[in-house]
Amino acid sequence: MEFDQKTIFHPKFWLTLFVLMHTFMFAIWYILGPFMATDADMTKYLEEEIGFSTELATNSAVIDAFLEDGFFLGIMAMSIVPPFLATAWLLEGRSQALMTVVCGGTLLFMVTLGTYGDIVIAGADLAPDFIIGFLMAGATIYSGYIRLED
């Protein structure tokens with residue numbers, strides 16, 4: 001069996017792969033956070049990862065605010081799943097190609113802003129997960145682009 005670029009870069013594959021990775025490696029954990037994280041877990045996170053003082057990290061209002069914001073972020077992250085799945089499985093031809101480019105552009109926008117926030121604002125190092133996001137965005141955009149004339 002011979003594979004060409006249209007076989008490897010098929011919109012159904014890249015859009016569905018993004019949805020699975022995005023949902024199970026990111027979004028679902030933010031939604032479940034308030035139901036799974038204890039105050040001790042949050043205090044440790046706020047002290048070690050965020051750098052809050054012990055007084056601030058043990059404040060129940062601060063803990064609740066972080067959990068609430070995480071839940072909201074998870075809900076917002078899950079809201080992009082339906083259009084990606086609809087593009088992959090309900091559209092065909094040029095319409096699917098155009099929407100795949102749009103979905104890939106959305107992914108590129110999210111990854112770029114997320115990377116900027118983590119590296120420039122929060123001072124994190126460039127990690128492999130950032131690179132994976134850019135590769136996913138590029139592959140998704142390309143899978144739509146090569147089908148624009150179909």
Side-chain angles (χ1 to χ4, degrees), residues 7-92 95-148:
T7 303
I8 296 168
F9 292 100
H10 197 286
K12 279 184 176 45
F13 172 76
W14 289 100
L15 292 165
T16 304
L17 179 63
F18 166 74
V19 164
L20 291 172
M21 289 176 66
H22 178 73
T23 300
F24 293 105
M25 293 175 68
F26 172 72
I28 200 165
W29 301 111
Y30 279 95
I31 293 171
L32 294 178
F35 306 106
M36 293 172 45
T38 65
D39 282 358
D41 294 333
M42 286 303 299
T43 298
K44 182 179 178 184
Y45 169 76
L46 292 172
E47 286 178 335
E48 293 177 6
E49 299 294 324
I50 306 297
F52 283 2
S53 67
T54 302
E55 181 183 349
L56 197 54
T58 56
N59 185 316
S60 64
V62 172
I63 292 171
D64 290 346
F66 264 83
L67 290 172
E68 180 185 331
D69 287 348
F71 183 78
F72 181 74
L73 177 63
I75 296 299
M76 293 299 293
M78 291 302 294
S79 70
I80 68 166
V81 167
F84 278 63
L85 286 177
T87 298
W89 298 99
L90 299 178
L91 298 176
E92 293 180 2
S95 297
Q96 184 185 53
L98 288 168
M99 279 303 297
T100 300
V101 171
V102 169
C103 289
T106 302
L107 176 55
L108 180 61
F109 183 68
M110 289 180 348
V111 170
T112 302
L113 290 180
T115 302
Y116 174 83
D118 281 354
I119 293 173
V120 175
I121 297 173
D125 293 325
L126 184 63
D129 57 331
F130 296 129
I131 305 302
I132 291 170
F134 285 111
L135 291 174
M136 285 290 302
T140 304
I141 291 168
Y142 185 68
S143 72
Y145 175 76
I146 64 174
R147 287 184 167 68
L148 287 174

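Counting from 1, the numbers follow the sequence of the chain as shown. Given the structure is predicted, the values throughout are model-derived calculations rather than measurements.
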Show the nearest heavy-atom pair for residues Gly144 and Val101, with the distance to one decimal. C-CG2, 3.8 Å
How about CZ on Phe13, more than 12 heavy atoms from neighbouring residues, nucleotides or ligands closer than 6.0 Å, or not? yes
Could you walk me through whether Ile31 and Met78 pass side chain to side chain contact (heavy atoms under 4.5 Å, CB included), step by step? CA-CA 9 Å; Ile31 293 171; Met78 291 302 294; 3.4 Å; yes
With under 30° as parallel and over 60° as perpendicular, where do the rings of Trp14 and Phe9 fit, or are they tilted in between? parallel
Among Ile50, Val62, Ile63, whose side chain to side chain contact (heavy atoms under 4.5 Å, CB included) with Leu56 holds? Val62
Quick check: closest heavy atoms across Met136 and Leu17, and the distance to 0.1 Å? SD-CD2, 3.8 Å
Heavy-atom closest pair (Pro34 atom, Leu67 atom, distance to 0.1 Å) is CG-O, 3.6 Å
Asp64 side, atom CG; Met42 side, atom CE - distance, nearest 0.5 Å: 9.0 Å
Rounded distance (nearest 0.5 Å) linking atom OH of Tyr30 with atom CE of Met76: 14.5 Å
Between CG of Leu91 and CG of Leu98, what distance do you get to the nearest 0.5 Å? 10.0 Å
Which heavy atom of Phe18 sits nearest to which heavy atom of Met110, and what is that distance? CZ-CE, 3.9 Å
Looking just at side-chain N and O atoms, do Thr16 and Trp89 make a donor-acceptor pair shorter than 3.5 Å? yes
Kindly compute the distance separating OG1 (Thr106) from CE (Met99), expressed to the nearest 0.5 Å. 7.5 Å
Looking at every heavy atom in both Thr87 and Cys103, which two are closest together, and how far apart are they? OG1-SG, 3.8 Å
Is it true that, when you exclude Asp39 itself, more than 12 heavy atoms of the residues, nucleotides or ligands shown sit nearer than 6.0 Å to its CG? no
Qualifying ring-ring contact (aromatic ring centres under 6.0 Å, His included) pairs, either residue in residues 46-75, two or more places apart: Phe52-Phe66
Can you label the angle between the His22 ring and the Phe26 ring as parallel, tilted or perpendicular, going by 30° and 60°? tilted
With rounding to the nearest 0.5 angstrom, report the CG to CD1 distance, Leu107 to Ile80. 7.0 Å
In Å and rounded to the nearest 0.5 Å, what is the OG1 to CG distance from Thr140 to Leu135? 10.5 Å
Please confirm whether the ring centroid of Phe130 lies under 6.0 Å from the ring centroid of Phe134. no
